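Data block below; observations after.
Start at 1 and go down the list; that is how both ligands and their atoms are numbered. Fair warning: this is a prediction, and the values are worked out from it, not measured in the lab.
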Amino acid sequence: MVHISVVVPCFDESEVIEAFHAALTAALEPAGATFEVCYVDDGSGDGTMDRLRGLAATDPRVRYTSFSRNFGKESAMLAGLRMSRGDAVVLMDADLQHPPELVPRMLELHGHGYDQVIAQRDRTGEGAVRSSLSRAYYRLVRRFMDVEVVDGAGDFRLLSRRAVDAVLSLPESNRFSKGLFSWIGFDTVSFTYQNVERAAGRSKWGGRRLLNYGIDGLLSFNSRPLRLAIHTGLWLFLSAFAYALWIIANVILDGVDTPGYATLITAIVALSGVQLATLGVIGEYVGRIYHESKRRPHYVVRETNEPAGARTAPGTVDRAAVRTTPRLEAAGRTRPES
Ligand code: UDP
Ligand code: MG
């Protein structure tokens with residue numbers, strides 16, 4: 001019999017967390033599975049933590065960790081994966097958008113030997129603008145990224161123990177899990193379910209945060225934008241060379257001619273634009289190198305019901321270090337990663 005860990009990142013989910021827990025236990029108990037639920041409170045400010053404490057008091061299968069501030073969903077998922085002890089781990093959102101009824105089906109597929117089982121949502125009920133933007137993004141990503149990322153295949157998935165260990169062995173601090181899950185490989189299967197609206201509370205992914213997340217994803221999985229800069233440079237050089245030949249031929253055939261002012265300005269402005277954009281791309285990568293080179297932990301733990309030994313697991317920080325961490329309250333709250 002497999003032991004299952006359910007990992008649930010929660011950020012300001014006090015309105016749904018209890019309903020979620022009830023639905024989850026109702027779905028898993030009849031399936032005869034032994035399970036634990038690892039809740040990770042991502043620095044919520046709305047009493048999610050009190051609810052988690054309450055759940056842990058009544059249900060011994062509840063384990064929780066609470067961050068000192070909002071570190072972003074990626075960090076919360078990482079903390080949950082580190083907490084998990086099960087032979088299979090299911091990642092779920094707390095807002096009931098990932099229907100717990102589907103978990104037994106995932107377990108069944110896992111029983112057939114799959115290391116990753118992805119529940120892929122369709123886009124029913126989503127705004128037309130958002131869904132068409134997402135589609136365009138995934139088309140772009142498929143062309144440019146070195147790993148395969150599928151539209152609608154979010155974080156609702158089951159990972160076997162060895163898949164979890166593979167994900168945890170990746171040391172990068174800039175984590176784009178969709179890419180990481182695809183990078184580790186293993187036998188993967190997916191099935192589609194109908195998209196559900198959030199049960200209560202509101203989505204934490206505004207347009208801007210989503211855009212930044214998208215850029216992160218594109219940049220953290222390849223160096224093709226840099227390659228693109230080289231290609232642009234080469235093409236520009238070749239066309240400049242051809243243009244120069246044309247001017248020389250003109251001078252030889254018709255004598256000296258005054259070259260156009262407009263051509264000059266256009267060339268200067270266009271080239272400066274290309275250079276600035278390229279600098280920006282390089283800057284993004286340098287920033288990432290800087291970020292990675294600091295080797296900061298992914299999150300700081302404020303509170304947990306884990307036994308003391310687990311508290312010093314990698315990624316957590318001892319108290320002395322926490323005290324010297326600068327206060328990042330309101331500002332840090334809106335950033336997905338920092
Ligand atoms: N979440 C989190 N930290 C964040 C933002 C979101 O842990 O900074 C959690 C949130 O509590 C939820 C899941 O990630 O369980 C998905 O978030 P949300 O429902 O807001 O995203 P959406 O479903 O709109 O993409
Ligand atoms: Mg949601």
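At least one cation-pi condition fails for R69 and F67: the charged atom is not both under 6.0 angstrom from the six-membered ring centre and inside a 45 degree cone around its axis.
The nearest N/O/S atom of D95 to the Mg ion (ligand 2) is OD2.
Taking 2.8 Å as the threshold, D93 does not count as a candidate ligand of the Mg ion (ligand 2), since none of its N, O or S atoms lies below it.
Close N/O approach between A76 and ligand 1 is not found [any backbone or side-chain N/O within under 3.5 Å].
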Determine whether E292 and S173 satisfy the following criterion, side-chain hydrogen bond (donor to acceptor under 3.5 Å, both in side chains), listing intermediate values before the conclusion. CA-CA 6 Å; E292 294 286 340; S173 44; 3.1 Å; yes
Between R51 and E18, does the salt bridge (Lys or Arg N to Asp or Glu O under 4.0 Å) criterion hold? Intermediate values first, please. CA-CA 7 Å; R51 310 269 160 130; E18 275 155 359; 3.7 Å; yes
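Taking every heavy atom of P9 and a limit of under 4.0 angstrom, the matching atoms of ligand 1 come to 7 (O), 9 (C), 10 (C), 11 (O), 12 (C), 15 (O). With ligand atoms numbered from 1 in the order given, ligand 1 contributes 19 (O), 23 (O) to contacts under 4.0 Å with heavy atoms of D95. Interface atoms of ligand 1 facing C10, defined by a heavy-atom separation under 4.0 Å, are 7 (O), 11 (O). Interface of A94 with ligand 1, defined as ligand atoms under 4.0 Å from a residue heavy atom, comprises 15 (O). The ligand atoms of ligand 1 that sit less than 4.0 angstrom from a heavy atom of N70 are 3 (N), 4 (C), 8 (O). The ligand atoms of ligand 1 that sit less than 4.0 angstrom from a heavy atom of G72 are 3 (N), 8 (O).
Contact annotation: for V40 versus ligand 1, there are no heavy atoms closer than 4.0 Å. The proximity of E13 to ligand 1, defined as any non-hydrogen pair under 4.0 Å, is limited to the side chain. Only the side chain of D42 comes within contact range of ligand 1, with a heavy atom under 4.0 Å; no backbone atom does.
The residues K178 and D155 are annotated as not salt-bridged, no charged nitrogen and carboxylate oxygen being separated by less than 4.0 angstrom.
For the 3.5 Å distance criterion, the side chains of T25 and R61 fail to qualify, holding no donor opposite an acceptor. Between the side chains of S75 and H298, no donor N or O sits under 3.5 Å from an acceptor N or O.
Between the side chain of S5 and the main chain of R85, a donor-acceptor pair closer than 3.5 Å is present.
Between F20 and Y39, the angle of the ring planes goes over 60°, which puts this pair in the perpendicular group of the 30/60° scheme.
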